Amino acid sequence: MAYLEVLNGPEVGQKVPISQDTFFLGRDPNNHLVLSDRTVSRKHAVINRIEGEFAISDLKSLKGLLINGSKLNEANLEDGDEIAVGAVRLRFYVRDDGKIGPVLKPRRKGFRLLFLGCLIAVLLGGGAYFLLHQTDEMKQHYLLGISLFNNNHDIEGAKREWEKVLELDPKRKSVYSQKALKLLDDLGDK
């Protein structure tokens with residue numbers, strides 16, 4: 001059974017089951033939950049149970065209705081939502097076992113799968129970015145070495161660039177590191 005717990009104000013600690021399909025909150029003594037705080041309107045809000053779901057609506061109160069800190073005229077309620085009517089804060093709970101007390105929201109498998117999927121995407125994306133960035137850097141050093149060797153006849157400069165390629169890929173797995181290694185071997189180094 002669903003219920004409201006009063007979190008502050010004169011009725012603090014009170015736990016009231018929502019036993020009616022239409023449940024009124026306000027200062028008027030005819031409400032299902034009577035809140036004596038002066039910031040609460042006489043007929044402040046109503047909670048309607050529709051097909052097992054709960055929705056709260058403001059009844060044109062002076063101070064309005066806050067749900068989890070957002071000012072709303074109406075909202076569907078979820079277990080653990082905080083409701084503010086005037087200055088009084090309430091916590092909404094849903095219980096199927098008839099006990100009054102807070103319950104934890106069940107974890108949703110979809111959320112875990114979504115989180116896992118996002119994590120994998122970030123790791124793969126980050127890894128791909130690193131490999132592509134590293135490959136681009138190796139390619140730049142390799143091509144600069146080729147340019148220094150062919151155009152400027154700067155053999156030492158070319159060797160330095162090809163050695164940078166090998167530093168970036170110490171396991172010699174990329175095409176550029178294999179080519180750089182071959183050129184350095186042909187020049188008598190490494």
Side-chain angles (χ1 to χ4, degrees), residues 1-5 7-8 15 47 49-56 64-84 89-190:
M1 174 179 290
Y3 73 96
L4 293 171
E5 180 181 9
L7 302 177
N8 69 331
K15 296 177 182 178
I47 296 176
R49 180 177 26 208
I50 304 165
E51 297 179 7
E53 299 290 320
F54 294 87
I56 189 167
L65 187 65
L66 296 176
I67 309 298
N68 298 320
S70 298
K71 188 167 186 165
L72 302 169
N73 288 327
E74 52 185 32
N76 290 326
L77 292 174
E78 299 286 330
D79 187 57
D81 281 348
E82 184 175 299
I83 304 163
R89 292 180 300 113
L90 310 166
R91 178 88 57 208
F92 173 79
Y93 293 105
V94 178
R95 292 295 298 235
D96 293 331
D97 59 6
K99 295 180 183 175
I100 290 184
V103 293
L104 297 175
K105 288 186 181 181
R107 291 185 179 237
R108 296 183 180 140
K109 290 181 183 176
F111 175 76
R112 282 186 267 166
L113 290 175
L114 177 65
F115 177 76
L116 184 60
C118 289
L119 182 63
I120 290 170
V122 167
L123 291 175
L124 289 176
Y129 172 80
F130 176 75
L131 289 175
L132 290 174
H133 179 71
Q134 188 178 26
T135 300
D136 284 348
E137 195 174 350
M138 284 188 282
K139 180 180 177 182
Q140 288 173 352
H141 288 294
Y142 175 77
L143 292 176
L144 183 57
I146 295 291
S147 177
L148 289 170
F149 186 81
N150 289 337
N151 298 334
N152 301 348
H153 305 289
D154 182 0
I155 295 171
E156 293 305 313
K159 286 181 182 179
R160 281 193 303 276
E161 293 301 318
W162 294 330
E163 286 170 355
K164 287 178 186 176
V165 172
L166 297 178
E167 288 173 16
L168 289 169
D169 184 14
K171 293 185 179 181
R172 310 320 192 237
K173 291 189 176 187
S174 75
V175 172
Y176 297 108
S177 63
Q178 292 170 6
K179 288 181 178 182
L181 185 62
K182 174 139 177 49
L183 289 169
L184 287 170
D185 283 344
D186 289 347
L187 291 174
D189 288 1
K190 300 277 176 202

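Owing to the predicted nature of the structure, the values given are computational and were not obtained by experimental measurement.
Around atom CG of L143, more than 12 heavy atoms belonging to other residues, nucleotides or ligands sit under 6.0 Å away. By the 6.0 Å contact criterion, CD on Q178 is enclosed, its count of non-hydrogen atoms from other residues, nucleotides or ligands being greater than 12.
The shortest non-hydrogen separation linking P170 to R172 is O-NH1, 2.9 Å. Taking each heavy atom of H141 and V165 in turn, the nearest pair found is CB-CG2, 3.6 Å. Nearest approach of N73 to L65, heavy atoms of both residues: O-CD2, 4.1 Å. Closest of all the heavy-atom pairs between A75 and L72 is CB-CD1, 3.8 Å. Between Y142 and W162, the shortest heavy-atom distance links the atoms O-NE1, 3.2 Å.
Side chain of R160 to backbone of A158: no donor-acceptor contact under 3.5 angstrom is found. Side-chain atoms of D169 come within 3.5 Å of backbone N or O of S174 as a donor-acceptor pair. At distances below 3.5 Å, not a single donor-acceptor pair connects side-chain atoms of R89 with backbone N or O atoms of A84. Put simply, the side chain of N68 gets close to the backbone of E82: a donor and an acceptor are under 3.5 Å apart.
E137 CD to Y176 OH: the interatomic distance, rounded to the nearest 0.5 Å, is 13.0 Å. The NZ atom of K179 sits 12.5 Å away from atom CE of M138, with the distance rounded to the nearest 0.5 Å. Here the CZ-CG distance, from R91 to D81, works out to 8.5 Å after rounding to the nearest 0.5 Å. A distance of 11.0 Å separates CD of E163 from CG of L181, quoted to the nearest 0.5 Å.
Residues F92 and I56 form no side-chain contact, since every pair of their non-hydrogen atoms from C-beta on lies 4.5 Å or further apart. No side-chain heavy atom of F54 sits less than 4.5 Å from a side-chain heavy atom of N76.
Tested against F149, the residues D154, L187, L183 include a single side-chain contact (heavy atoms from CB on, under 4.5 Å) partner, L187.
The existence of a salt bridge linking E161 and K164 is confirmed by a sub-4.0 Å separation between a basic side-chain nitrogen and an acidic carboxylate oxygen.
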